[in-house]
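Have a look at the structure below, then the notes.
Here is the naming used below: chain letters follow the sequence lines, and residue numbers restart at 1 for every chain. Note that this is a predicted model, so its numbers are computed, not measured.
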Amino acid sequence: MSVTTSGTLGRAPVADPAPASRRPAGRRRRAGSFAGENRRLKWLMLSPALGFVGLLIVFPLVFTLNLSLTDAFGAVNAGSQHVGLLNFGDALTDTRRFWPAVGRTVGFTVGAVVLETVLGLALAVLLRRPFRGMRVVRTVLMVPLLATPVAVGILWLLILDPTNGIANHLLGYLGVPPQEFLGSVRQSLPVLMLIDVWQWTPMMTLLFLAGLSTLPEEPEEAARVDGAGVWQRFWFVILPMLAPTLITALVLRAVDALKTFDILYATKGPGGGSDFEVETLNVYAYGLTFDYQEYGLAAAVLVLFTIFIVGVVALLRRGSGKESA
Amino acid sequence: MSATAPATYRASSSPRPQALRTDRRLTAWSWVRAALIVVVCLVLALPVVWMIAAAFKTNVQVTDPSVGLFFTPTLENFGNVLADGEIVRSLGNSALVGVVSTVLSALVAVPAAWAVGRFRMRRTGSLVLVARIVPAVSLLVPWYYIFAQLGLVGSYTVLVLSHMFVSVPLILWIMIGFFEGLPIELEEAARTDGLSAFGAFRHIALPLAAPGTATACVLAFIFSWNNFMFALILADETTKTMPVALYNFISYASTDWGGLMAASTLMIVPVLLAAVFGQKFLVAGLTAGATKG
């Protein structure tokens, strides 16, 4: 589909009839004469992407919205009936699976994002000034965040294995008794949160380093001349200037953390473990759909989840607006 | 070196001893800084090194934590894994789906990014963010529902289309910023010299954007290569990608740690190579758009 559309794209300028004829702007030679042709080309260039977004994103979203109002269940070609907001009522009164999943999603995200922001910022300040070996360090930073999440899950399963893992072996030297880690109901979610911190702190650092490199030197220099110490310069000069980058990084990371799936599913399996101990909203919705074929209820959970994510993004953006104003 | 480290300057009545003290503090700080940087690198790299090392151990050595990083390596695990047709096929599937979805995504997204960047269509461009916000499962449900009724679940077409959901917005996002950074004057000059608008894109903007496109495509490939969720549902036994094969490996071979580590190593080697050789470009691509506020 996309190939043929871009094929028409190639032919478009040739079959272009009478450019800019009915536009008064055509009189202004320099800037205006291309306007008509530009406008047509603009939409031609955009149409494959817009078609893609419409067909594979907007339409499915509307489909999900519609599905959430039905009792679709079981086989995909079994008929379904509209049941109004029944699914939403079911989800919002479900204190066994839905609300605990909300709690885990929020806990996981807040814990991971706060740690990643603080550590990422500290690391960015540490790496900010050039030094020999910066290239190597940047490469090392890329490894956790580009590594396949399922493989990352597997490597931590090996390290954290309760009986044969190196983690308990090393803890033994410190006199700490062996831990269950991912084998325990209580420790699983915090451990996975720390793995997320290991994997995504480098991303925050790279974003902050990019932001720091665009900042002017003068304000910090001026503060130094005025006698501001390291902490004062960081808190009152660098951090406020870095705020836009900080907020963008926070929004992007929070959105991805809320949707974490691969590593939870790879290490704990369907349902987030025997006691649903790492079942976040994403894992829950996934299980409802593909393990239980509860399409209607799953769609309702997904609609609520999406609204929740949009709310978080709006909230963070609003907070940033106040800060920079 | 010492001038690069942040120092604590304080107003002082006697400049000379102060300068001495500052110097000493600077050297001390650069040592602390160097030590901290080394610790951070070890924390980030050692788990991956441990996994790769484990791939070269016998199964007895893997489960004995006192066998550290110094042992006689064996290729037995890789031999076993590569003799397993399923793993090889899955690696091939991952490469195929990654390449095709990346190429198609670039064909769709690069012209669109040019239009958004050139004609300042920021609002249209911000639609990209919608694709980042929406949980993939909420698309997977209708896709599965529709494709299952069409009998398409398990086909490469469906896998490629689903992976494009990630790569089209990613390439758009990176390339919009890239085209905005190109000076418009070059294209205008070409237009004045008689090139059509499309010609200006094809012969001026596109060649100039080649490094950005390459970066975006490498990242798109990596994200497709890493993707787990779509293939978990939309692939069948013959079309499943490597992350799904790895996931199945966990459940049926939890005792074959060596094989599991060898398979995981095969999975992340291409990504490691990209990180080592394309470090500078990939960092630029990953952080694109974040500093504009």
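Between the side chain of B:Trp143 and the main chain of A:Leu56, a donor-acceptor pair closer than 3.5 Å is present. Looking at B:Lys280, its side chain never comes within 3.5 Å of a backbone N or O of A:Arg135 through a donor-acceptor pair. Of the possible polar contacts, one joining the B:Asn226 side chain to the A:Leu146 backbone as a donor-acceptor pair under 3.5 Å is found. Without hydrogens or angle criteria, A:Thr64 side chain to B:Ser138 main chain gives a donor-acceptor distance under 3.5 Å.
For B:Ile37, the parts lying under 4.5 angstrom from a heavy atom of chain A are both the backbone and the side chain. Proximity to chain B (any heavy atom under 4.5 Å) is restricted, for A:Asp256, to the side chain, taken from C-beta onward. Heavy atoms of B:Val168 lying under 4.5 Å from chain A belong exclusively to its side chain. Using a 4.5 Å cut-off between heavy atoms, B:Leu272 touches chain A through its side chain atoms alone. With a 4.5 Å cut-off on non-hydrogen atoms, A:Tyr286 touches chain B through its backbone and its side chain both. Neither the backbone nor the side chain of A:Asn66 comes within contact range of chain B; no heavy atom of the residue lies under 4.5 Å from a heavy atom of that chain. Heavy-atom distances place both the backbone and the side chain of B:Leu282 under 4.5 Å from chain A. Residue A:Leu258: no heavy atom, backbone or side chain, is found under 4.5 Å from chain B. With a 4.5 Å cut-off on non-hydrogen atoms, A:Lys259 touches chain B through its side chain but not through its backbone. Within the 4.5 angstrom heavy-atom criterion, atoms from both the backbone and the side chain of B:Leu140 approach chain A. Residue contact with chain A, scored on non-hydrogen atoms closer than 4.5 Å, is absent for B:Ala34. A:Leu67 touches chain B through its side chain: at least one heavy atom from C-beta onward sits under 4.5 Å away, while N, CA, C and O do not. Heavy-atom distances place both the backbone and the side chain of B:Ser66 under 4.5 Å from chain A. Looking at B:Val40, only its side chain comes within 4.5 Å of chain A, counting heavy atoms on both sides. Looking at A:Ala147, both its backbone and its side chain come within 4.5 Å of chain B, counting heavy atoms on both sides. In this structure, the portion of B:Met261 lying under 4.5 Å from any heavy atom of chain A is its side chain and not its backbone. Only the side chain of A:Val255 comes within contact range of chain B, with heavy atoms under 4.5 Å apart. Contact annotation for B:Val38: neither backbone nor side-chain heavy atoms come within less than 4.5 Å of a heavy atom of chain A.
Of all non-hydrogen atoms in B:Pro65 and A:Ile166, the two that sit nearest each other are O-CD1, 3.6 Å. Counting all heavy atoms, side chain and backbone alike, B:Ala45 lies closest to A:Val140 at CB-CG1, 4.1 Å. Counting all heavy atoms, side chain and backbone alike, B:Met51 lies closest to A:Ala151 at SD-O, 4.1 Å. Closest of all the heavy-atom pairs between A:Leu127 and B:Arg33 is C-NH2, 4.0 Å. The two residues B:Pro142 and A:Pro60 come nearest to each other via the heavy atoms CG-O, 3.3 Å. Summarising the geometry of B:Ile250 relative to A:Ala266, their closest heavy-atom pair is CD1-O, 3.5 Å, with the distance given to 0.1 Å.
To the nearest 0.5 Å, atoms CG (B:Leu44) and CG (A:Leu123) are separated by 7.0 Å. Atoms CG and OG1, on B:Leu266 and A:Thr148 in that order, are 11.0 Å from each other to the nearest 0.5 Å. In this structure, CG on A:Leu44 lies 12.0 Å from CZ on B:Phe201, to the nearest 0.5 angstrom. Note that CZ of A:Phe52 is 6.0 Å distant from OG of B:Ser105, once rounded to the nearest 0.5 Å. Remark: B:Thr287 OG1 to A:Leu206 CG distance equals 7.0 Å, nearest 0.5 Å.
B:Arg118 is not listed as a side-chain neighbour of A:Met45, based on a closest heavy-atom distance of 4.5 Å or more. Side-chain atoms of A:Leu145 and B:Leu286, non-hydrogen and from C-beta on, do get closer than 4.5 Å to each other. B:Trp257 has its side chain within reach of A:Leu157: a pair of non-hydrogen atoms, C-beta onward, lies under 4.5 Å apart. The shortest distance between side-chain heavy atoms of B:Val137 and A:Leu302 falls below 4.5 Å.
Using the six-membered ring where Trp is involved, A:Tyr265 and B:Phe228 have ring planes that are tilted, between 30° and 60° apart.
When each of B:Ala109, B:Ala275, B:Ser162 is scored by its heavy-atom pairs under 4.5 Å with chain A, the top score falls to B:Ala275. Chain B forms more heavy-atom pairs under 4.5 Å with one residue of A:Thr289, A:Val143, A:Ile154 than with any other, namely A:Ile154. In terms of heavy-atom pairs under 4.5 angstrom with chain A, the leader among B:Tyr144, B:Trp114, B:Phe223 is B:Tyr144. Here B:Val283 is the residue among B:Ile268, B:Val283, B:Val62 with the most heavy-atom pairs under 4.5 Å with chain A. Annotation: maximal heavy-atom pairing with chain A below 4.5 Å, among B:Val271, B:Ile233, B:Val276, occurs at B:Ile233. Top candidate by heavy-atom pairs under 4.5 Å with chain B, chosen from A:Ile309, A:Leu119, A:Val310, is A:Ile309. Of the residues considered (B:Ile146, B:Leu172, B:Leu219), B:Ile146 shows the highest number of contacts with chain A, using heavy-atom pairs under 4.5 Å. Chain B forms more heavy-atom pairs under 4.5 Å with one residue of A:Leu158, A:Ile57, A:Val150 than with any other, namely A:Leu158.
Atom CZ of A:Arg128 has more than 12 heavy atoms from other residues, nucleotides or ligands within 6.0 Å. Atom CZ of B:Phe281 has 12 or fewer heavy atoms from other residues, nucleotides or ligands within 6.0 Å.
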*Yes or no on side chain to side chain contact (heavy atoms under 4.5 Å, CB included) for B:Met229 and A:Asn282, after CA distance, side-chain angles and deciding distance?*
CA-CA 11 Å; B:Met229 192 200 270; A:Asn282 221 9; 4.2 Å; yes
